[in-house]
Novice: 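To start, I am sharing the structure in question, which I have written as structure tokens.
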Amino acid sequence: APRPFNQVPGEWRAGWLNLYRFWREGGLSALHLSMAQKFRRFGPIYREKLGVHETVNIISPGDAATLFQAEGALPERFRVPPWVAYRDFRNKPYGVLLKTGEAWRSDRLLLNQEALAPAAVAAFVPLLSAVGEDFVRRARAQARHSGHGCWTGDFSHELFRFALESVCHVLYGQRLGLLQDFVQPEAQRFIEAVARMFHTTAPMLYLPPALLRRLRSRTWREHVHAWDAIFCQADKCIQNVYRDLRLQRKSSQEYMGILGNLILRDKLPLDDIRASVTEMMAGGVDTTSMTLQWAMLELARAPGVQEQLRAEVLAAKREAGGDREKMLKSTRLLKATIKETLRLHPVAVTLQRYTTHEVILQDYRIPPGTLVQVGLYAMGRDPDVFPRPERFRPQRWLAAGPKPFLGLGFGFGPRQCLGRRIAELEMQLFLMHILENFKIETMRAVEIGTKFDLILIPDQPIQLTLRPL
Ligand code: HEM
Ligand code: 2DC
């Protein structure tokens with residue numbers, strides 16, 4: 001018979017003491033390493049309590065399968081407390097990110113039609129490709145002006161702008177012009193606000209938000225300030241599109257953007273549209289830009305893989321006569337490269353679900369209502385799951401046979417990432433354009449680690465070189 005819940009190994013009795021120890025041992029920025037270490041210490045399942053945050057943690061794809069197959073029609077993940085607290089504090093409606101139950105489901109189904117459905121997604125290709133081309137144009141100009149024929153530096157700020165420009169093109173059907181020499185200060189402030197918002201979330205994750213608000217802590221004030229800036233800037237973009245639609249400034253043939261389509265369909269109240277569109281705009285900056293930065297670093301460190309990938313892209317281009325949609329159908333290694341990047345460098349340190357009924361994990365009985373986390377970072381580097389995990393080898397994804405519950409970078413099921421298709425296309429098209437035009441290089445000497453800043457990010461600046469081919 002399966003073993004009882006209270007026999008699951010781990011430290012789950014003294015939540016506050018654990019939180020204190022956790023802070024002392026490298027703290028929050030090493031959350032992913034601390035999880036990996038606990039799996040080594042306790043095995044493939046452990047129970048933990050940090051402050052008020054109680055979890056069961058799993059690492060094996062088989063257990064992830066059990067968890068997700070039992071998630072039901074209304075899956076729920078951990079609701080980041082300070083994000084909920086901000087909306088309650090300012091009286092703002094939740095978007096899909098924070099909604100639950102039937103209200104989540106009905107919004108989500110409508111949003112899926114505009115952001116995930118294959119028919120809608122095809123229209124993103126030319127929009128995202130155009131932004132990629134602009135990045136290439138800018139990189140070529142930078143290389144020309146540098147004096148040594150190539151462009152070297154920490155590209156994170158450039159990539160933030162690329163990512164915001166991309167997601168806005170798809171959401172609003174409009175260009176912001178962030179890849180020009182002059183960048184609107186408002187857009188720059190938005191980018192900084194999203195980074196601030198993530199950064200200030202992390203220390204408040206495992207504390208009750210009511211406590212932080214009463215303390216009027218500096219972190220909470222900064223957090224509110226960051227969200228205020230995010231909502232204010234998103235509102236401006238949304239108002240613009242709304243006005244253009246009302247004044248019928250756009251011809252009916254033109255692409256209306258996800259926002260325009262949602263307004264025209266008139267199925268979702270404007271306040272709910274605004275809440276979810278704001279989440280998508282904010283969710284579209286650090287996620288894809290950091291993943292692309294990691295992808296370029298890995299390709300620079302594995303020149304053989306880079307050559308193979310370039311050959312695939314160039315062959316696809318010849319065959320498809322430059323038709324990007326066609327090219328995307330024959331670039332398997334490119335897709336595998338993004339999976340491999342997210343294996344080693346996931347944006348989300350864990351995936352989480354509340355159980356709705358009893359599940360058996362590693363032969364323990366897990367009761368309903370338990371928060372179970374899949375240790376995505378730890379799984380990606382577990383040699384039992386991925387042989388030679390330290391090697392960046394996109395080809396591992398191309399081997400024959402099923403790979404169930406291995407590629408979980410965007411989550412799973414009906415609650416998976418809403419921006420998944422936008423993100424994938426944006427990243428595939430970016431890498432295509434870069435590989436067609438530049439060699440990606442880096443100095444080998446520095447080892448770059450990861451830090452937890454709510455999402456996982458590089459622990460130091462990444463220096464890359466783009467050398468025109
Ligand atoms: C949720 C990853 C980009 C918007 C999620 C989740 C993950 C994730 C792991 C949780 C899924 C789950 O619980 O099963 C990523 C990665 C990205 C990325 C790796 C890029 C590399 C984006 C972009 C957008 C976005 C570009 C906006 C356009 C969202 C939203 C949710 C979400 C709104 C919540 C969905 C819901 O609760 O219904 N993402 N994301 N993400 N993501 Fe992304
Ligand atoms: C953070 O313990 C660590 O995609 C917590 O685009 C568990 C947790 C819960 C939800 C996760 C979060 C972690 C990391 C960031 C994620 C978030 C769900 C969505 C969000 C993964 C793993 C993200 C980055 C969204 C953000 C949209 C937002 C800016 C409006």
Novice: With no hydrogens and no angle check, just 3.5 Å: does a side-chain donor-acceptor pair link Gln306 and Glu298?
Specialist: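 Looking only at side-chain atoms, Glu298 and Gln306 do not form any donor-acceptor pair under 3.5 Å.
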Novice: Charged N to carboxylate O below 4.0 Å: is that the case for Arg196 and Glu192?
Specialist: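 No salt bridge links Arg196 with Glu192.
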Novice: Heavy atoms, side chains only, cut-off 4.5 Å: are Met432 and Lys317 in contact?
Specialist: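 No, every pair of side-chain atoms sits at 4.5 Å or beyond.
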Novice: Carefully, step by step, assess Phe124 and His169 under the rule ring pair (Phe, Tyr, Trp, His ring centres under 6.0 Å).
Specialist: CA-CA 9 Å; Phe124 303 161; His169 202 191; over 10 Å; no
Novice: Write down the atom of Leu164, the atom of Ala187, and the distance for their closest heavy-atom approach.
Specialist: CD2-O, 4.0 Å
Novice: If you define the side chain from C-beta out and look only at heavy atoms, does anything of Thr100 sit under 4.5 Å from Leu74?
Specialist: no
Novice: Take Arg420 and Glu424 through the test salt bridge (charged side-chain N to carboxylate O under 4.0 Å, His left out) and record every step on the way to the result.
Specialist: CA-CA 6 Å; Arg420 177 177 191 155; Glu424 285 174 342; 3.0 Å; yes
Novice: Closer than 4.0 angstrom, basic N to acidic O: yes or no for Arg415 and Glu76?
Specialist: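 Salt bridge: no.
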Novice: Once you round to the nearest 0.5 Å, how far does CD of Glu319 lie from CG of Asp323?
Specialist: 12.0 Å
Novice: Do side-chain atoms of Asn18 reach the backbone of Lys49 as a donor and acceptor pair under 3.5 angstrom?
Specialist: yes
Novice: Please report the closest heavy-atom contact between Pro458 and Met290, naming both atoms and the distance.
Specialist: CD-SD, 3.6 Å
Novice: Ignoring hydrogens, what is the shortest heavy-atom contact between Ala193 and Ala226? Give both atom names and the distance.
Specialist: O-CB, 3.5 Å
Novice: Keeping to residues at least two apart or across chains, list the ring pair (Phe, Tyr, Trp, His ring centres under 6.0 Å) pairs with something in residues 292-324.
Specialist: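 Counting only pairs at least two positions apart or across chains, the ring pair (Phe, Tyr, Trp, His ring centres under 6.0 Å) contacts touching residues 292-324 are Trp294-His345.
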Novice: So, for Phe412 and Phe405, is the gap between ring centers shorter than 6.0 Å?
Specialist: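 Yes, the ring centres sit under 6.0 Å apart.
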Novice: Enter the distance from Asp382:CG to Arg40:CZ here, rounded to the nearest 0.5 Å.
Specialist: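 Asp382 CG to Arg40 CZ: 9.5 Å, rounded to 0.5 Å.
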Novice: Assess the pair Trp16 and Phe22: is the distance between their ring centroids shorter than 6.0 Å?
Specialist: no
Novice: Identify the two heavy atoms, one from Pro461 and one from Asp154, that lie closest to each other, and give their separation to 0.1 Å.
Specialist: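 Nearest heavy atoms, Pro461 then Asp154: CB-OD2, 3.6 Å.
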Novice: Any side-chain heavy-atom pair from Gln233 and Arg189 closer than 4.5 angstrom?
Specialist: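 The answer is no; the side chains never approach within 4.5 Å.
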Novice: One thing to verify: whether Glu222 and Arg218 come together as a salt bridge, which I'm taking to mean a side-chain N less than 4.0 angstrom from a carboxylate O.
Specialist: yes
Novice: Is the terminal nitrogen or CZ of Arg140 (NZ for Lys, CZ for Arg) located under 6.0 angstrom from the six-membered ring centre of Phe438 and within 45° of that ring's axis?
Specialist: yes
Novice: Test side chain to side chain donor-acceptor pair (under 3.5 Å) on Gln395 and Glu340; report intermediate values, then the result.
Specialist: CA-CA 9 Å; Gln395 289 86 348; Glu340 183 71 342; over 6 Å; no
Novice: Indicate whether any N or O donor in one side chain lies under 3.5 Å from an N or O acceptor in the other, for Glu426 and Thr288.
Specialist: yes
Novice: Is any side-chain N of the basic residue among Arg41 and Glu11 closer than 4.0 Å to the acidic one's carboxylate O?
Specialist: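 Yes, this pair counts.
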Novice: Assess the residue pair Phe160 and Asp286 against the criterion (side chain to side chain contact (heavy atoms under 4.5 Å, CB included)); give the C-alpha distance rounded to whole Å, side-chain angles, the decisive distance to 0.1 Å, and a yes or no.
Specialist: CA-CA 6 Å; Phe160 286 150; Asp286 297 48; 4.0 Å; yes
Novice: If the threshold is 4.0 Å, N to carboxylate O, is there a salt bridge linking Lys38 and Glu48?
Specialist: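 Between Glu48 and Lys38 there is a salt bridge, with a charged N closer than 4.0 Å to a carboxylate O.
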Novice: Does the Lys NZ or Arg CZ of Arg47 fall within the cation-pi geometry relative to Phe5 - under 6.0 Å from the ring centre and within 45° of the axis?
Specialist: yes
Novice: Would Trp151 and Thr465 count as having a side-chain donor-acceptor pair, cut-off 3.5 Å?
Specialist: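 Per modelled atom types, Trp151 and Thr465 side chains form no pair under 3.5 Å.
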Novice: What heavy-atom pair brings Arg343 and Pro346 nearest, and what distance separates the two atoms?
Specialist: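 So the two residues come closest at O-CD, 3.7 Å.
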Novice: Can you confirm whether Thr55 sits close enough to His53 that some side-chain heavy atom of one is under 4.5 Å from a side-chain heavy atom of the other?
Specialist: yes
Novice: Mind checking the CG-OH spacing from Asp63 to Tyr364? Nearest 0.5 Å is all I need.
Specialist: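 That separation rounds to 11.5 Å.
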Novice: Any side-chain heavy-atom pair from Val374 and Phe68 closer than 4.5 angstrom?
Specialist: yes
Novice: So with a 6.0 Å cut-off around CZ of Arg396, is the heavy-atom count from everything else above 12?
Specialist: yes
Novice: Hey, is CD on Gln37 packed in by over 12 heavy atoms from elsewhere, all under 6.0 Å?
Specialist: no
Novice: To the nearest 0.5 Å, how far apart are CE in Met281 and CD1 in Ile230?
Specialist: 9.5 Å
Novice: Does a salt bridge link Arg301 with Glu390, judged by any charged N lying under 4.0 Å from a carboxylate O?
Specialist: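 The answer is no: the pair does not qualify as a salt bridge.
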Novice: Test your reading of the model: is there a side-chain donor-acceptor pair from Ser217 to the backbone of Trp220, 3.5 Å cut-off?
Specialist: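 Answer holds: yes.
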Novice: Do the side chains of Arg310 and Glu436 get close enough for a salt bridge, i.e. N-O under 4.0 angstrom?
Specialist: no
Novice: Could you tell me the separation between the CG atom of Asn57 and the OG1 atom of Thr350, rounded to the nearest 0.5 Å?
Specialist: 7.5 Å
Novice: Side chains of Pro367 and Thr355: does their closest heavy-atom pair fall under 4.5 Å?
Specialist: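 Result no, sub-4.5 Å side-chain heavy-atom pair not found.
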Novice: Could Arg87 and Tyr94 be counted as a cation-pi pair, given that NZ or CZ must be under 6.0 Å from the ring centre and within 45° of the axis?
Specialist: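 Verdict for Tyr94: no cation-pi partner in Arg87.
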Novice: For Pro75 and Pro414, which heavy atoms make the closest approach, and how far apart are they?
Specialist: CG-CG, 3.8 Å
Novice: Between Ile440 and Ile434, is a side chain to side chain contact (heavy atoms under 4.5 Å, CB included) present by the stated rule, with each step listed?
Specialist: CA-CA 8 Å; Ile440 312 166; Ile434 291 294; 3.9 Å; yes
Novice: Under 3.5 Å, is there a donor-acceptor pair between the side chain of Lys403 and the main chain of Gly401?
Specialist: yes
Novice: Check the pair Arg105, Leu109 against side chain to side chain contact (heavy atoms under 4.5 Å, CB included), reporting the backbone distance first and the verdict last.
Specialist: CA-CA 6 Å; Arg105 192 174 153 77; Leu109 289 176; 4.1 Å; yes
Novice: Nearest 0.5 angstrom please: Met327 CE to Leu429 CG, how far?
Specialist: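 Interatomic distance, Met327 CE to Leu429 CG, rounded to 0.5 Å: 8.5 Å.
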Novice: Only pairs at least two apart or in different chains count here, so list each side chain to side chain donor-acceptor pair (under 3.5 Å) that has a residue in residues 452-463.
Specialist: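 The answer is His199-Asp453.
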Novice: Taking the side chain as every heavy atom from C-beta outward, state whether Leu205 and Leu454 have any pair of such atoms under 4.5 Å apart.
Specialist: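 Yes - at least one pair of side-chain heavy atoms lies under 4.5 Å apart.
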Novice: Counting C-beta onward and ignoring hydrogens, is there a side-chain heavy-atom pair between Pro2 and Ile360 closer than 4.5 Å?
Specialist: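 Yes. Closest side-chain heavy atoms under 4.5 Å.
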Novice: Please indicate whether Arg79 has more than 12 foreign heavy atoms, meaning atoms of other residues, nucleotides or ligands, lying under 6.0 Å from its CZ.
Specialist: yes
Novice: Is Arg332 close enough and on-axis enough to Trp397, meaning under 6.0 Å and within 45°, for cation-pi?
Specialist: no
Novice: Walk me through it: do Leu178 and Asp134 pass the test side chain to side chain contact (heavy atoms under 4.5 Å, CB included)?
Specialist: CA-CA 10 Å; Leu178 299 180; Asp134 280 2; over 6 Å; no
Novice: Please indicate whether Lys439 has more than 12 foreign heavy atoms, meaning atoms of other residues, nucleotides or ligands, lying under 6.0 Å from its NZ.
Specialist: no
Novice: Exactly one of Thr337, Leu408, Val347 should register a side chain to side chain contact (heavy atoms under 4.5 Å, CB included) with Leu342. Which one does?
Specialist: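 That would be Val347.
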Novice: Under 3.5 Å, is there a donor on one side chain and an acceptor on the other for Trp12 and Glu54?
Specialist: no
